[in-house]
Amino acid sequence: MTKLRMEEAAHSILARNDRGGYTVPTDRLYPFQWNWDSAFVAVGFATFNVDRAYRELERLIEGQWDDGMIPHIVFHAPSDTYFPGPDVWGTRHRIPTSGITQPPVFGMALRHVHEAAIANGMADAEARTRALFQAALRSHRWWLEARDPEGLGLVAILHPWESGSDNSPAWDEALARVPTTTTTVIRRKDTGHVDASMRPRDEDYQRFIHLVDVYRHCDWDPKRQWTNAPFKVADVQMTAILARATADLIHLAEVLGAEGDKAELAQMHRTLLDGLARRWRPSLSRFVSLDLISGNDIETPTQAGFIPLVAVTLDDAQRDAVMAEIERWLDGMVVGVPSAPRFSPAFEPKRYWRGPVWAVINWLIADGLRLNEAEDLARRIEQVTVHAVENAGFCEYFDPTTGEGLGGDTFSWTAAAYLVLGRRR
Ligand code: GLC
């Protein structure tokens, strides 16, 4: 297919997954609005329809809680093809949502959409950006208060699903401590849509639902959850995305003339950068997350170790080390960057977050490399991603050893990644 035909195909996937101003990640497997998917999708929309890009973010904010949290799923309309649905979460927002969150790509997307709107001379750009900026600021305050109450400069996830890398081997040790007992009856739907060999194992699913049960019993109160959480990991991927989104909000605060907000955001930004700086491990050539329950570093190699590049300016030695390490992960792969490297015992090229390549992760890694002046490697990763989509379609993820497209097909954020990265060629 020509590039133009591919772009048309990407547009039609976004149109097909549109449910009225918001986009489902893919039909049936994920039939609601997902937090970070929508942020990436908004950037994709901004390449051809800025009004629709704003709508995506505005509809996500309909799910924002009074305490500032932006949930990981907003259940705008019922569907029986997904588990766990609103009844299991038992939250009490105006519209049904899940009770956990996801990486705050929102602030990054907002800056992008704002700049596209200004470039297009959109009349209501400033008013729309201003409203979404306030929502983003409230969510960043929530992050620091609810998820870094001890002031480490690192924000914690209380559920693997919050990380966006649901089934990552990085969580294995911490998750193994979580009991498999549940008060909720488990009715998995995912394995009816895609092959079970690509999805999390049953035992892990029980632990995922155990955590939901615990937090529901805490009435979703952030303080009670923090105290009772059987899973608590200060995640470098999450912290890095929050730090980068904070930098983008600082930029927007300047543009909007919001001086007080800018000073507050600048303080948050310093805190997060300090926290990230302490997570660099020269012996591993990457950043590592911290298990807050055991107090141990999580050294298991995953893509998360490279995501801090979107926020941190590396020194020359760090940059050379990261580049060499990424090259090592790419070695022998048909498509990189794998979510876990082949040399790791946890590597499974087809199973969810244990090896496969995600287009949006490559997008973040490439952005981080470019920010750190590793232009050639950034470009290579972008090109590999674009070719993977051209060869295998707009799949959820790709087998790094063969390039085969896996998981759900006709995926919104893969279409968005294609639209954005395809133009950088
Ligand atoms: C899976 C992914 C998560 C994503 C969701 C919808 O749960 O792990 O990152 O947001 O699917 O695409």
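Counting starts at 1 for both ligands and their atoms, following the listed order. Both backbone and side-chain heavy atoms feed into the values below; hydrogens, waters and symmetry mates do not. Positions are given from 1 along the sequence.
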S.K.: With sequence neighbours excluded, tell me which residues meet side-chain contact (heavy atoms from CB on, under 4.5 Å) with Ala229.
M.R.: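 side-chain contact (heavy atoms from CB on, under 4.5 Å) check on Ala229 returns Leu158, Tyr215, Lys232.
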
S.K.: Between Trp220 and His93, is the gap from one ring center to the other below 6.0 Å?
M.R.: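 That pair fails the under 6.0 Å test.
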
S.K.: List the protein residues in contact with ligand 1, where contact means a heavy-atom separation under 4.0 angstrom.
M.R.: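 Correct list: Pro25, Tyr30, Trp34, Trp36, Asp37, Gln102, Gly164, Asp166, Tyr352, Trp353, Phe411, Trp413.
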
S.K.: For this output row, return yes or no: ring centroids of Trp358 and Trp353 closer than 6.0 angstrom.
M.R.: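 Between Trp358 and Trp353, the centre distance is under 6.0 Å.
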
S.K.: Apply salt bridge (Lys or Arg N to Asp or Glu O under 4.0 Å) to Glu162 and list each qualifying residue two or more places apart in sequence or on a separate chain.
M.R.: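 For Glu162, the residues satisfying salt bridge (Lys or Arg N to Asp or Glu O under 4.0 Å) (neighbours in sequence not counted) are Arg147.
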
S.K.: Partners of His112 by ring pair (Phe, Tyr, Trp, His ring centres under 6.0 Å), sequence neighbours excluded?
M.R.: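 Residues passing ring pair (Phe, Tyr, Trp, His ring centres under 6.0 Å) with His112: none at all.
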
S.K.: Using the ring-ring contact (aromatic ring centres under 6.0 Å, His included) definition, which of the options Trp36, Tyr418, Phe40 pairs with Trp363?
M.R.: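 By the ring-ring contact (aromatic ring centres under 6.0 Å, His included) criterion, Trp363 pairs with just one of Trp36, Tyr418, Phe40: Phe40.
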
